[in-house]
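Report on the following structure.
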Amino acid sequence: METIIRSYISEAIDALYMKSIDSEQVQVQETRREFEGDFTVIVFPLTRYSSRSPEVTGDEIGKYLVSARPEIISYNVIKGFLNLVISPGIWTNMFREMAGNVNFGTRTVSGDSPTVVIEYSSPNTNKPLHLGHIRNNLLGFSLCRIAEANGLKVVKTNIVNDRGIHICKSMVAWLKYGNGETPSSSGLKGDHLVGKYYVLFEKEFRNERERLISEGVDPESVVEVAPLMREAREMLRRWEAGDSETVSIWKMMNEWVYEGFDETYSRLGVSFDKIYYESDTYLRGREIVREALSEGLVYSESDGSVWADLSDDGLDRKILLRADGTAVYITQDLGTAVIRHEEYQFDRSVYVVGNEQNYHFQVLKALLARLGYPWASELYHFSYGMVELPEGKMKSREGKVVDADQLIDEMIATAETMSEELGKLDAIEESRRREIYRKIGLAALKYFILKVDPKKNMTFNPEESVDFNGNTGPFIQYTFARIMSVLRRADGIGYRDGSQSLSEQFVPNGKELSIIKAVRRFSHIIASASDEMNPSLIANYVYDLAKEFNQFYHDFSILNESEPERRFFRIELSRLVSGVIGKGMWLLGIEMPERM
RNA sequence: GGUUCCGUAGCUCAGCUGGAUAGAGCAACAGCCUUCUAAGCUGUGGGUCGGGGGUUCGAAUCCCUCCGGAAUCACCA
């Protein structure tokens with residue numbers, strides 16, 4: 001519609017002032033609530049064509065449009081803004097189209113759709129998932145759905161960091177203090193068990209360090225000489241050497257962790273098409289670096305370490321292999337990227353990784369380009385902000401984190417308490433009730449995180465952050481559940497999809513109209529959420545729509561409307577809104593209850 | 001110190017490529033359930049959009065500068 005109006009304006013400028021203007025240049029927006037009209041043309045930029053004041057120009061264009069275009073029925077000019085009122089029939093038609101299109105707002109994936117690989121989650125296997133991972137997983141999963149809704153072929157991937165010194169720390173502590181504890185012997189979830197020993201290692205190491213320093217060891221070199229740390233390093237060396245005993249402990253403990261992760265992922269409702277392990281991909285990365293060395297693209301120092309000089313790209317030099325030939329973090333990322341491109345021939349590769357790694361991804365991109373991979377330019381770092389607690393950053397070394405599993409449990413428990421207080425679900429059987437609590441609790445958590453602009457840091461207060469009223473997931477679910485309830489009743493009294501149609505003369509009232517307008521925005525929102533890779537646009541949009549609908553629901557009756565055509569319209573409008581709310585929340589990975 | 005990001009109501013956040021009197025929610029206060037689910041709806045109070053310059057018909061939005069905060073600049077991942 002905006003496009004049509006733009007072309008009308010260009011036509012009016014031509015007719016009135018004999019000047020041509022590119023219709024793309026015309027600024028048209030929806031009229032703000034407090035003024036009369038549907039669309040507003042900003043007249044200021046047009047005065048250079050009319051050589052008159054904004055008021056006069058707006059008036060002349062308005063007059064022209066009303067006489068030349070039947071769908072524009074009236075206008076008003078306030079300051080430099082030309083407000084146009086559109087014929088109600090246009091809106092009714094628009095409603096009919098949206099209501100009749102099952103795929104409204106989305107594009108379908110076809111054989112020749114571009115492929116985008118989206119990597120998210122990327123956990124370390126030495127500790128359980130925490131709140132920061134939750135933000136990552138929710139954003140990543142939602143981005144995948146949004147990309148799919150925009151007709152992209154999406155590969156959801158996860159790269160598991162299953163090797164390195166941090167895992168050896170858990171292993172050392174478990175061997176030393178664990179007495180053979182296993183998930184089944186202790187009843188502890190595998191990832192939590194391994195995490196417990198990681199925290200224990202750090203604690204014992206701190207004690208040891210203090211003791212050594214008090215015994216006169218130089219604080220600078222205490223990390224080098226502390227026995228615990230030496231054990232961990234020795235463990236890493238044996239692992240890289242393929243020592244069978246070390247490898248088998250490593251495998252066993254990693255299995256425990258994966259079982260735990262799988263449970264958390266499934267509770268969060270996220271999934272992957274392909275999981276990579278750094279213990280595999282670092283080998284490829286090492287090969288790549290060695291080849292590059294032989295081709296002279298990178299260089300080696302006298303100690304045998306391998307470096308890339310990226311100063312031409314405005315970056316520093318970067319180590320790629322240590323003197324002992326072992327790999328560093330970026331080595332495996334090189335391998336992963338190359339393997340991924342071989343497997344999927346992606347058009348784009350997105351990394352959902354926190355903004356603390358901005359520099360790392362600059363380096364990775366520059367490095368891949370240096371090594372001659374033309375697709376390096378298609379790498380995109382989706383850089384999101386940190387989640388902070390009221391008292392500051394989370395510190396996983398000290399165990400000061402908001403644990404993912406625990407948080408999910410608490411959210412569901414709160415949902416249960418609130419639901420029981422309200423008592424609306426008493427008649428529903430236990431297992432279905434639990435399912436509803438689960439949906440509500442998770443919605444509260446997910447929506448709270450996803451409504452915030454991803455690139456911004458956010459604070460999370462475990463005591464009070466997650467609410468169930470106002471701008472929240474449960475609010476939106478509630479709106480949805482009420483519509484479902486209305487639709488169930490409507491079906492019960494014999495209303496069916498398309499059993500009637502609206503006449504050309506039907507005129508929606510003001511509130512109905514603003515809902516149609518709100519629904520109409522959905523397709524723009526989906527497109528920009530995809531272009532900008534920003535799920536929060538959808539979250540905030542769905543909230544606006546739900547709010548709009550709640551006002552309508554409060555002020556007007558749907559099923560008790562006496563005029564049959566309007567009653568039919570309201571039922572179908574409600575159905576349309578529930579569809580859009582449901583689809584919007586689906587894009588966020590949030591499930592909707594039929595009742596609550 | 002270099003680079004990047006952020007600063008909007010007491011708190012948590014919106015505000016699209018510059019557009020009309022800067023919006024929600026929470027918290028506070030006051031109303032609305034014999035009528036489709038009150039996890040809802042309505043109203044009141046609350047702001048020098050970090051400060052100062054600039055660009056222009058118009059700046060929370062763009063540019064410069066200063067202040068404050070965060071991240072990063074590892075042979076950790």
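Each chain gets a letter, A, B and so on, in the order the sequences are listed, and its residues count up from 1. In what follows, every heavy atom counts, from backbone to side chain, and hydrogens, waters and symmetry copies are set aside.
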With respect to the side chain of A/Lys455, which nucleotide from B/A20, B/C6, B/U37 is positioned closest? B/C6
Which nucleotide in B/A20, B/U42, B/U37 has an atom nearest any side-chain atom of A/Gln551: B/U42
Of the listed B/G7, B/C75, B/G40, the closest approach to the A/Ile319 side chain comes from B/C75
Starting at OH of A/Tyr447 and ending at C1' of B/G25, how long is that distance when rounded to a whole Å? 9 Å
Consider the side chain of A/Asp303, meaning its heavy atoms from C-beta on, and name the nucleotide among B/C13, B/A20, B/C75 that approaches it most closely. B/C75
Categorize A/Thr40 for me: base, sugar-phosphate, or nothing, with a 4.0 angstrom heavy-atom threshold over every strand shown. base
To the side chain of A/Glu356, which of B/U72, B/C13, B/A20 is closest? B/U72
Would A/Phe81 count as stacked on B/A20 if the rule is ring centres under 5.5 Å and plane angle under 30°? yes
Which dot-bracket notation, 5' to 3', represents the base pairing of RNA chain B when pairs are defined as Watson-Crick or G-U with both distances under 3.5 Å, crossing pairs as [ ], and inter-strand pairs as |? (((((((..((((.....[...)))).(((((.......))))).....(((((..]....))))))))))))....
Quick one: A/Asn469 CG to B/U12 C1', roughly how many Å, whole number? 15 Å
Provide the distance between the two C1' atoms, one in B/U8 and one in B/G51, to the nearest whole Å. 15 Å
Using the side chain to side chain donor-acceptor pair (under 3.5 Å) criterion, which residues pair with A/Glu356? Sequence neighbours excluded. none
Using the six-membered ring for Trp and the full ring for Phe, Tyr or His, decide whether A/Phe35 stacks on the six-membered base ring of B/A20 (centres under 5.5 Å, planes under 30°). yes
By a strict heavy-atom criterion of less than 4.0 Å, which residues belonging to residues 553-563 of chain A are in contact with RNA chain B? A/Tyr553, A/His554, A/Phe556, A/Ser557, A/Ile558, A/Leu559, A/Asn560
With C1' as the reference atom in both, quote the distance from B/C32 to B/G19 in angstrom, rounded to an integer. 37 Å
Distance between C1' atoms of B/G1 and B/G47 (Å, rounded): 36 Å
Take atom C1' in B/C5 and the same atom in B/A9, then report the distance between them in whole Å. 24 Å
Rounding to an integer number of angstrom, what distance separates B/C6 and B/A38 when you compare their C1' atoms? 39 Å
Distance between P atoms of B/A27 and B/U12 (Å, rounded): 15 Å
